[in-house]
Amino acid sequence: MLFLVAALLMLGVVLGTVAHAPLGFTAVAAAVIAVWLGIFAIRERHGRRSGPSTN
C-alpha cells in the first residue's frame, strides 16, 4: 500500500512538472526518453541471446 501511495505521489509530481513545461520541451524530452528506452531494450534482448558473460 505504501508503494502505491509513493507511486501516485511521484506520478503527480511528474505530471505537474510536465504541465508547466512548454509543449516543445515536453515533446523533445519524451523523444529522448523513448530513444533511451529503445536502446536499453535492444541491448537487453541482445544480451539475453548471446548468453551470460563469464568474467
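- Every residue two or more places apart in sequence or in another chain that forms a side chain to side chain contact (heavy atoms under 4.5 Å, CB included) with Ala21 is listed here: Phe25, Thr26.
- In this structure, Leu15 shares a hydrophobic cluster with Leu11, the cluster being traced through Ile, Leu, Val, Met, Phe, Trp and Tyr side chains under 4.5 angstrom apart.
- Its side chain within the 4.5 Å cluster rule, Leu37 clusters with Ile33 among the Ile, Leu, Val, Met, Phe, Trp and Tyr residues.
- When hydrophobic side chains of Ile, Leu, Val, Met, Phe, Trp and Tyr are connected at separations under 4.5 Å, Leu9 ends up as a singleton with no cluster partners.
- Shown here is Leu4, whose CG atom has more than 12 heavy atoms of other residues, nucleotides or ligands within 6.0 Å.
- Shown here are the side chain to side chain contact (heavy atoms under 4.5 Å, CB included) partners of Phe3, two or more places apart in sequence or in another chain: there are none.
- Residue Val13 belongs to no hydrophobic cluster, having no ILVMFWY side-chain heavy atom closer than 4.5 Å to its own.
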